[in-house]
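Have a look at the structure below, then the notes.
Both ligands and their constituent atoms are indexed starting at 1 by order of listing.
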Amino acid sequence: KASKSDDGFCSAPSIIQSDEKTKPIYWKVTNPTLSPSHLQDLPGYTRSVYKRDHALITPESHVYSPLPDWTNTLGAYLITPAMGSHFVMYFAKMKEMSSSGLPPKDIERLVFVVEGAVTLTNTSSSSTKLTVDSYAYLPPNFHHSLDCAESATLVVFERRYQHLGSHTTELTVGSTDKQPLLETPGEVFELRKLLPVSLAYDFNIHIMDFQPGEFLNVKEVHYNQHGLLLLEGQGIYRLGDNWYPVQSGDVIWMAPFVPQWYAALGKTRSRYLLYKDVNRNPL
Ligand SMILES: NC(=O)N[C@H](N)C(=O)O
Ligand SMILES: [Mn+2]
């Protein structure tokens, strides 16, 4: 709590907690605190950074333009191969009566809803409503349409599918809260995976939960790439030799082998969504 003005001590404003109680989950992703209160009026100030092996892209840096092949939808590409990644990660802001375009040939897609609702339609089955916290995986060359009546914000991952033998992937629809908690030997965070762990899949999306004060035990350095969206909470992300304060709405690109570590701070749970390439020989 902020101290009274007459007590002679420096004081910081108290953190407003009421939003968290009354707003729907992940609300902070699309309504973030743009910057710390003492910096928000500084012209030219941003927490974003772009380096060879990592990037932090904070909401005041997101630039939207019409998404090619989609109707009535604005997109902000956050991670693309121009950075060295083999995947793209973008926000799609769908407006009234909007619909998606198809990814290019041989490209697989995962969409996760952070705000609003969309309807997924494909040629074979009936349509499915996707609300906040639900997702769909669309295999390469799978005909589909995402349609939005009012408004929705999606985070989308796409990459060229890397075949392995005769394995094939399947349409997968689900929601985070329906996914089982998985074992995390040596770690304290809670882990869910959105896709099957079978060899057919060349990536997965992890949902990782940390209580305030919890942190990664492994100071990870690994061959896999990551695209991360902080869905809830605040903390410190270490990337290489840099320590970044982060909050919900922030996006991180991690190149192969960048040292990475997270510690959750504040008073509420941290939850992040993480792209990770798996199941393929790096050669
Ligand atoms: N930066 C991360 O959270 N990495 C994950 N623990 C992972 O690589 O699975
Ligand atoms: Mn990792």
Looking at Arg269 and Asp209, is any side-chain nitrogen of the basic one under 4.0 Å from a carboxylate oxygen of the acidic one? yes
Verdict with supporting geometry, Leu120 and His144, side-chain contact (heavy atoms from CB on, under 4.5 Å): CA-CA 7 Å; Leu120 168 67; His144 66 276; 4.0 Å; yes
For the residue pair Leu191 and Glu183, what are the closest heavy atoms and their distance? CD2-O, 4.4 Å
Contact summary for Trp70 and Leu146, nearest pair of heavy atoms: CH2-CD1, 4.4 Å
Would Phe189 and Tyr262 count as a ring pair (Phe, Tyr, Trp, His ring centres under 6.0 Å) here? Give the steps. CA-CA 10 Å; Phe189 61 81; Tyr262 182 63; over 10 Å; no
For the residue pair Tyr272 and Tyr237, is the inter-centroid distance of their aromatic rings smaller than 6.0 Å? yes
Over 60° means perpendicular and under 30° means parallel, so tell me whether Phe112 and Tyr135 are parallel, tilted or perpendicular. parallel
Under the criterion salt bridge (charged side-chain N to carboxylate O under 4.0 Å, His left out), I'd like the reasoning laid out for Arg159 against Asp277: C-alpha separation, chi angles, the key distance, then a yes or no. CA-CA 10 Å; Arg159 67 168 288 186; Asp277 55 306; 5.3 Å; no
Going by chain and residue number, what protein N/O/S atoms come nearer than 2.8 Å to the Mn ion (ligand 2)? Glu220 OE1, His222 NE2, His226 NE2, Gln260 OE1
Among Phe203, Tyr275, Phe87, find the one that has a side-chain contact (heavy atoms from CB on, under 4.5 Å) with Leu110. Phe203
Could you pull out the N/O contacts under 3.5 angstrom between ligand 1 and the surrounding protein atoms?
from	atom 1	to	atom 2	distance (Å)
ligand 1	1 (N)	Tyr237	OH	2.9
ligand 1	1 (N)	Gln260	OE1	2.7
ligand 1	3 (O)	Tyr272	OH	2.5
ligand 1	4 (N)	Glu220	OE1	2.8
ligand 1	4 (N)	Glu220	OE2	3.4
ligand 1	4 (N)	His226	NE2	3.2
ligand 1	4 (N)	Gln260	OE1	3.4
ligand 1	6 (N)	Glu220	OE2	2.6
ligand 1	8 (O)	Glu220	OE1	3.0
ligand 1	8 (O)	His222	NE2	3.2
ligand 1	8 (O)	His226	NE2	3.1
ligand 1	8 (O)	Lys276	NZ	3.0
ligand 1	9 (O)	Lys276	NZ	2.9

